[in-house]
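Keep in mind the model is a prediction, meaning the values are calculated, not measured.
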Amino acid sequence: MATPDFILALREKIGHEMLCLTGVTAVVVRGEYVLLVERADNGMVTPVTGIVDPGEQPSAAAEREVAEEAGITAVAEALVSVRALPPAAHVNGDRAQYLDIVFRCRVDSPDENPYPADGENTRAWWCPISELETSGLNEDMFGRIRVALEHGESARFVRPLD
């Protein structure tokens with residue numbers, strides 16, 4: 001996964017110390033299908049995820065990440081979940097904690113076919129919703145998609161007892 005330049009600049013100053021970063025998850029829905037990608041760095045199956053750049057609106061980051069990673073145009077329709085993820089240690093020793101903002105997105109042009117557009121993924125495809133449980137998603141990623149598919153009129157804010 002390509003590390004944004006602003007994070008590389010910060011890491012030059014703080015080394016592997018904890019960074020708090022804003023991330024997005026784009027759950028792109030097309031009828032009875034959800035966009036999934038298989039990450040090149042660790043083989044995980046996920047919806048499209050990424051980091052919000054300085055000054056960027058989170059919804060725009062979700063749309064940008066879909067275009068960069070899967071080569072399709074998506075439009076963020078709804079904010080469905082906001083939560084702090086547990087602190088993480090990356091393979092290179094960098095430590096970070098992410099505030100994850102999940103958006104339900106629609107595909108702008110239903111005829112577009114996803115593909116691994118920028119090298120961050122080895123695969124991008126429309127997965128039937130009925131096959132999500134056997135798609136290779138871990139429990140966390142499956143939960144993000146489930147929240148987006150069940151989305152009502154307001155976002156889900158995770159509370160300590162959730």
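- Between Y98 and V52, every side-chain heavy-atom pair lies at or beyond the 4.5 Å cut-off.
- When all heavy atoms of I145 and L36 are compared, the pair lying nearest together is CD1-CD2, 3.7 Å.
- More than 12 heavy atoms of other residues, nucleotides or ligands lie within 6.0 Å of CD in E56, so this atom counts as buried by the packing criterion.
- Counted within 6.0 Å of CZ on F142, heavy atoms from surrounding residues, nucleotides or ligands total more than 12; the atom is thus considered enclosed.
- The two residues W126 and P114 come nearest to each other via the heavy atoms NE1-CD, 3.1 Å.
- In this structure, CG in L19 is found 5.5 Å from CG in L10, a value given to the nearest 0.5 Å.
- Linking ILVMFWY side-chain heavy atoms closer than 4.5 Å, directly or via other members, places V147 and L149 in a single hydrophobic cluster.
- Side chains of R95 and E17 form a contact here, defined as non-hydrogen atoms less than 4.5 Å apart.
- Taking CD of E77 as the reference point, atom SG of C105 lies at 7.5 Å (rounded to 0.5 Å).
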Problem set entry | Full working for side chain to side chain contact (heavy atoms under 4.5 Å, CB included) between M141 and N138 | CA-CA 6 Å; M141 292 298 174; N138 67 25; 3.5 Å; yes
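- N92 and D94 share a side-chain donor-acceptor pair at under 3.5 Å.
- For the side chain to side chain contact (heavy atoms under 4.5 Å, CB included) criterion with V102, the lone passing option out of V24, V80, L79 is V80.
- Cluster membership for I129 and W125, using ILVMFWY side-chain heavy atoms within less than 4.5 angstrom, is shared.
- Taking every heavy atom of both residues into account, R64 and I51 meet most closely at NH2-O, 3.0 Å.
- Between L132 and C127, some side-chain heavy-atom pair lies under the 4.5 Å cut-off.
- Y115 is not connected to L35 by any chain of hydrophobic side-chain contacts under 4.5 Å among Ile, Leu, Val, Met, Phe, Trp and Tyr, and they are in different clusters.
- Between V34 and V28, every side-chain heavy-atom pair lies at or beyond the 4.5 Å cut-off.
- The side-chain heavy atoms of V29 and Y33, taken from C-beta on, include no pair separated by under 4.5 Å.
- Judged by distance alone, the side chain of E63 and the main-chain N or O of A76 form a donor-acceptor pair under 3.5 Å.
- Side-chain contact check for P4 versus D53: some heavy-atom pair is nearer than 4.5 Å.
- Taking all atoms of both residues into account, the shortest heavy-atom contact from P47 to V37 is O-CG2, 4.0 Å.
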For this session: Could you please spell out the steps behind the side chain to side chain contact (heavy atoms under 4.5 Å, CB included) verdict for L137 and R144?
Result: CA-CA 10 Å; L137 290 162; R144 295 182 203 190; over 6 Å; no
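- By the 4.0 Å N-to-carboxylate-O rule, E112 lies too far from R30 to be salt-bridged with it.
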Exercise. Do E38 and N121 pass the side chain to side chain contact (heavy atoms under 4.5 Å, CB included) test, and can you show the C-alpha distance, the side-chain angles, and the key distance before you say yes or no?
Worked result: CA-CA 5 Å; E38 184 175 336; N121 301 300; 5.8 Å; no
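- Contact record, S59 with F103: N-CZ, 3.5 Å, taken as the closest heavy-atom pair.
- A side-chain donor-acceptor contact under 3.5 Å links R104 to the backbone of A148.
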For this session: Using the side chain to side chain contact (heavy atoms under 4.5 Å, CB included) rule, take I101 and T25 through it: C-alpha gap first, then chi angles, then the decisive distance, then the call.
Result: CA-CA 6 Å; I101 303 172; T25 299; over 6 Å; no
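- Side-chain contact between V107 and T73: absent, with no pair of heavy atoms (C-beta onward) separated by less than 4.5 Å.
- In this structure, the side chains of L99 and V82 come closer than 4.5 Å at one or more pairs of heavy atoms.
- Taking the charged nitrogens against the carboxylate oxygens, R39 and E120 have no contact shorter than 4.0 Å, which rules out a salt bridge.
- Counting all heavy atoms, side chain and backbone alike, R11 lies closest to H16 at NH1-C, 3.3 Å.
- A donor-acceptor pair is defined here as one N or O able to donate and one able to accept, closer than 3.5 Å; such a pair exists between the side chain of Q97 and the backbone of L85.
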